[in-house]
Peer 1: 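Can you read through this structure? Questions will come right after.
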Amino acid sequence: ASLRAGVLFGSAFLLFDAADAIPLYEASLAAFRDSGDRRGVAACLGSLGNVAIKLGDVGRAQGPLEESLWLCRDLGDTSGAAFALRQLDV
């Protein structure tokens, strides 16, 4: 599941169309959750929030970014937490 999640995440990251990336990030998120990969979950949530912002949907971005921030703080991932804070404009 973790390899599948990584492939989906990488594929979404490489897409130029943000809207097309959402289903891949969502599938990747589900696979990371299933495998228990909390770092992968945090990265996917941050990316989903970022994509929502790029599409102009700040409201949709807030939930994933807040969860990503919480996970990053819990994991000691300061760069991931900084990214989430920057995207949340805090």
Side-chain angles (χ1 to χ4, degrees):
S2 191
L3 175 62
R4 178 177 180 270
V7 169
L8 289 166
F9 183 82
S11 298
F13 183 78
L14 294 173
L15 287 174
F16 293 106
D17 187 330
D20 289 343
I22 291 172
L24 291 172
Y25 279 133
E26 289 173 341
S28 178
L29 176 61
F32 279 128
R33 285 192 196 278
D34 287 347
S35 69
D37 184 340
R38 295 175 69 218
R39 288 192 188 279
V41 169
C44 264
L45 288 166
S47 294
L48 279 167
N50 187 43
V51 167
I53 288 169
K54 286 182 179 181
L55 293 172
D57 192 348
V58 177
R60 183 177 182 180
Q62 187 171 352
L65 288 170
E66 287 177 351
E67 186 179 351
S68 177
L69 174 61
W70 179 84
L71 280 169
C72 288
R73 284 181 172 164
D74 193 51
L75 294 165
D77 179 358
T78 55
S79 63
F83 174 81
L85 285 169
R86 192 171 47 251
Q87 293 301 94
L88 287 165
D89 200 25
V90 174

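Count residues from 1 along the sequence.
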Peer 1: Taking atom OG of S47 and atom OH of Y25, what is their separation to the nearest 0.5 Å?
Peer 2: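 Going from the OG atom of S47 to the OH atom of Y25 covers 4.0 Å.
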Peer 1: Residues in side chain to side chain contact (heavy atoms under 4.5 Å, CB included) with R73, at least two apart?
Peer 2: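 Side chain to side chain contact (heavy atoms under 4.5 Å, CB included) check on R73 returns L69, A81, L85.
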Peer 1: A side-chain contact here means heavy atoms from C-beta on lying under 4.5 Å apart; do L65 and I53 qualify?
Peer 2: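 Of all side-chain heavy-atom pairs linking I53 with L65, at least one is under 4.5 Å.
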Peer 1: Check whether W70 and L75 end up in the same hydrophobic cluster, where Ile, Leu, Val, Met, Phe, Trp and Tyr are linked by side-chain heavy atoms less than 4.5 Å apart.
Peer 2: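 W70 and L75: separate clusters.
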Peer 1: Under 4.5 Å between side-chain heavy atoms, hopping through other hydrophobics if needed: is there a path connecting V58 to L48?
Peer 2: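 In one cluster with V58: L48, no.
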Peer 1: Is there a continuous path of hydrophobic side-chain contacts, each under 4.5 Å between heavy atoms, that joins L45 to L55?
Peer 2: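 Per the 4.5 Å side-chain linkage, L45 and L55 are co-clustered.
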Peer 1: With sequence neighbours left out, write down each residue that passes side chain to side chain donor-acceptor pair (under 3.5 Å) with S79, or none if nothing qualifies.
Peer 2: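 Here the qualifying residues are D77.
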Peer 1: For residues 38-53, pull every pair meeting salt bridge (Lys or Arg N to Asp or Glu O under 4.0 Å), keeping only residues two or more places apart or in separate chains.
Peer 2: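 Qualifying pairs: R38-D74.
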Peer 1: How close do A18 and V51 get, counting heavy atoms only, and between which atoms?
Peer 2: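 Reported closest heavy-atom pair: O-CG1, 3.3 Å.
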Peer 1: For the OG atom of S68 and the CG atom of L29, what is their distance to the nearest 0.5 Å?
Peer 2: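 Output value for this atom pair is 10.0 Å.
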Peer 1: Using the salt bridge (Lys or Arg N to Asp or Glu O under 4.0 Å) rule, collect all pairs that involve residues 43-70, keeping only residues at least two apart or in two chains.
Peer 2: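 Non-adjacent pairs meeting salt bridge (Lys or Arg N to Asp or Glu O under 4.0 Å): E26-R60, R33-E67.
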